[in-house]
Amino acid sequence: MSFAEKILFFISLLGAFNAFILGVYFIFFTAKKYLPNYLLGGLLMVLSIRIGKSVIYFFDANLPRTFLQIGLTACLFIGPFLYFFIKSEIRKIKRLPRLWLWQLVAWFVLIVVIGVIYPYQYFAPLWWHYIIPLIYFQWGIYIVFSVFLLMPIIKRVFGKEEIKVFEKWILTICGGVLLLFVSYVWAFFNITKGSYIHAAIFFSLIIYLVIFTLLYRKKTNDLSSFSLQKYVDKKIDTEEVKQIVGKLTLVMTEKELFKNPNLKISELAKAINISTHQLSQILNESIDKNFTLFVNEYRINEACKLLLSNPNLTVEAVADEVGFNAKSTFFAAFKKIQGITPSVYQKLNTPEL
């Protein structure tokens, strides 16, 4: 190997090794024993096995086919672990459902039986023509299921609404696995020569980015939906809640902070001199609204006033005036809160002359 190839080999294989270590960490050493941590650990471990096989095979085509079969076998579990991880985070599932366990067992038994009866070492053409395409097809199906689970979050992203840190986390993981899937399918069909190593490179970059993020961020407990559950042991005094809600109303009505299109929960918390954590707790428990809905209600109320007092203003102008970045987001929020569109609201509430 040339010096450049040695560097590429080292970086790619190190990424797979680091992913395996990170997977072990999530399964055995995380302080919070949440089901998603175990599933994420499993996902990282099977990905590391698949990627590790790819890297070694790319630089050594004489790798024993038994190792190739192990790598392909691990590939069968990438999709299920991804889907189960995302669903357990979104639905806050604490225990592994029996159906999920049976799925994993079924896939394991199936691939072991196939591997014993038709080992890759002696039936490589059968694997290439039938078994590997089916493995990738299964992987792709689970990715589709995962994306459907994430559609509400994706819609909020395109609507330029604020999403939680843990939602960004699972979007990143799903996006990374999707990128790997596309890279492997691309290489399988040999669309671009030499593209087989691309998946390993992408995976290494993603792993280094994840590790850097985990090391750089001061806290990681917000990377799970379970950390956002109700604050059972941290109840705020009723009188204190009333005072904070009063301050909230004051800054939103007098200072009109809602007109800031880039307003963040941390900025609103700072304006009333409490922590972001406290504000989030009060919004969810005492006001029974999330931050986005809380702010949007002020924006829509102001928009209603403008639509009636300034009928010549365009809808875009109203949306911009009350703090919306996009017309589509304004329409969606208006209809959600008022039940009708801005133009219908204006017609119904404007007296005929």
Side-chain angles (χ1 to χ4, degrees), residues 16 19-20 22-27 30 32-51 54 70-112 114 131-158 163-186 188 199 202-203 206-207 210 223-228:
F20 189 85
L22 197 58
V24 171
Y25 168 77
F26 275 111
I27 293 175
T30 48
K32 304 295 184 181
K33 305 300 181 182
Y34 299 139
L35 176 61
N37 285 342
Y38 296 121
L39 295 171
L40 179 57
L43 174 62
L44 287 169
M45 291 182 76
V46 293
L47 278 170
S48 67
I49 293 171
R50 181 66 180 90
I51 296 295
S54 300
I70 292 173
L72 292 168
T73 299
C75 195
L76 192 69
F77 295 92
I78 296 173
F81 274 124
L82 173 69
Y83 176 71
F84 298 155
F85 163 71
I86 292 173
K87 192 166 186 177
S88 64
E89 275 286 8
I90 292 177
R91 305 283 172 80
K92 295 183 176 66
I93 299 172
K94 296 181 178 180
R95 293 185 179 181
L96 184 68
R98 188 170 297 179
L99 180 61
W100 294 6
L101 178 60
W102 280 115
Q103 283 187 59
L104 293 173
V105 171
W107 290 125
F108 179 77
V109 171
L110 178 65
I111 199 65
V112 168
I114 291 175
I131 300 175
I132 296 177
L134 287 174
I135 289 174
Y136 284 161
F137 178 75
Q138 180 252 30
W139 184 2
I141 290 296
Y142 274 105
I143 287 179
V144 170
F145 289 159
S146 300
V147 171
F148 271 113
L149 278 177
L150 294 172
M151 281 308 297
I153 301 175
I154 294 171
K155 287 179 180 178
R156 299 210 315 270
V157 171
F158 281 103
I163 63 173
K164 298 180 178 66
V165 175
F166 88 89
E167 292 173 329
K168 295 176 184 178
W169 174 245
I170 58 178
L171 281 176
T172 301
I173 292 171
C174 186
V177 174
L178 176 60
L179 179 61
L180 294 176
F181 172 75
V182 172
S183 299
Y184 272 121
V185 171
W186 192 277
F188 180 79
F202 292 146
F203 181 70
I206 293 168
I207 286 298
V210 168
L223 297 179
S224 173
S225 61
F226 287 87
S227 62
L228 301 178

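One-based numbering along the sequence shown.
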Value for CH2 (Trp169) from CD1 (Ile173), rounded to nearest 0.5 Å, stands at 4.5 Å
For the student: nearest non-hydrogen atoms of Ile153 and Ile90, plus distance: CD1-CD1, 4.5 Å
Please test Glu167 against Val157 for side chain to side chain contact (heavy atoms under 4.5 Å, CB included), starting from the C-alpha separation and ending with a verdict. CA-CA 10 Å; Glu167 292 173 329; Val157 171; over 6 Å; no
Would you name the heavy atoms of Phe26 and Asn37 that are closest together and state the gap between them? CB-O, 3.4 Å
Separation between OH (Tyr38) and CG (Leu96), nearest 0.5 Å, reads 11.5 Å
Of Leu134, Leu82, Ile78, Val185, which is the lone residue that meets side-chain contact (heavy atoms from CB on, under 4.5 Å) with Trp139? Ile78
Which heavy atom of Val24 sits nearest a heavy atom of Met45, and at what distance? CG2-CE, 4.1 Å
Within the distance-only criterion (no hydrogens, no angle test), does the side chain of Gln138 pair as donor or acceptor with the backbone N or O of Leu76 below 3.5 angstrom? yes
Might you work through the side chain to side chain contact (heavy atoms under 4.5 Å, CB included) test for Arg50 and Leu72, ending with a clear yes or no? CA-CA 7 Å; Arg50 181 66 180 90; Leu72 292 168; 4.0 Å; yes
Ile51/Phe20 under side chain to side chain contact (heavy atoms under 4.5 Å, CB included): CA gap, chis, key distance, verdict: CA-CA 10 Å; Ile51 296 295; Phe20 189 85; over 6 Å; no
Criterion ring-ring contact (aromatic ring centres under 6.0 Å, His included) against Phe188, the qualifying member of Tyr136, Phe137, Phe181: Tyr136
Taking side chain to side chain donor-acceptor pair (under 3.5 Å) as the test, write out the residues that go with Tyr142, two or more places apart. Gln103, Trp107
Which residue in the set Leu40, Leu150, Val147, Leu43 passes side-chain contact (heavy atoms from CB on, under 4.5 Å) when paired with Ile86? Leu150
According to ring-ring contact (aromatic ring centres under 6.0 Å, His included), who are the partners of Phe77, at least two apart in sequence or on a separate chain? none
From the list Leu39, Leu44, Leu47, Val177, side-chain contact (heavy atoms from CB on, under 4.5 Å) with Phe81 holds only for Leu39
Closest approach of Leu35 and Lys94, non-hydrogen atoms and distance? CB-O, 3.5 Å
Report yes if some heavy atom in the side chain of Leu149 is under 4.5 Å from a heavy atom in the side chain of Tyr83; otherwise report no. yes
May I have all residue pairs that pass salt bridge (charged side-chain N to carboxylate O under 4.0 Å, His left out) and include part of residues 173-182, sequence neighbours excluded? none
So how far is it from Leu99 CG to Trp102 CH2, rounded to the nearest 0.5 Å? 11.0 Å
Taking all non-hydrogen atoms of both residues into account, name the closest pair between Gly42 and Ile27 and its distance. N-CD1, 3.8 Å
Enter the distance from Cys75:SG to Leu180:CG here, rounded to the nearest 0.5 Å. 9.5 Å
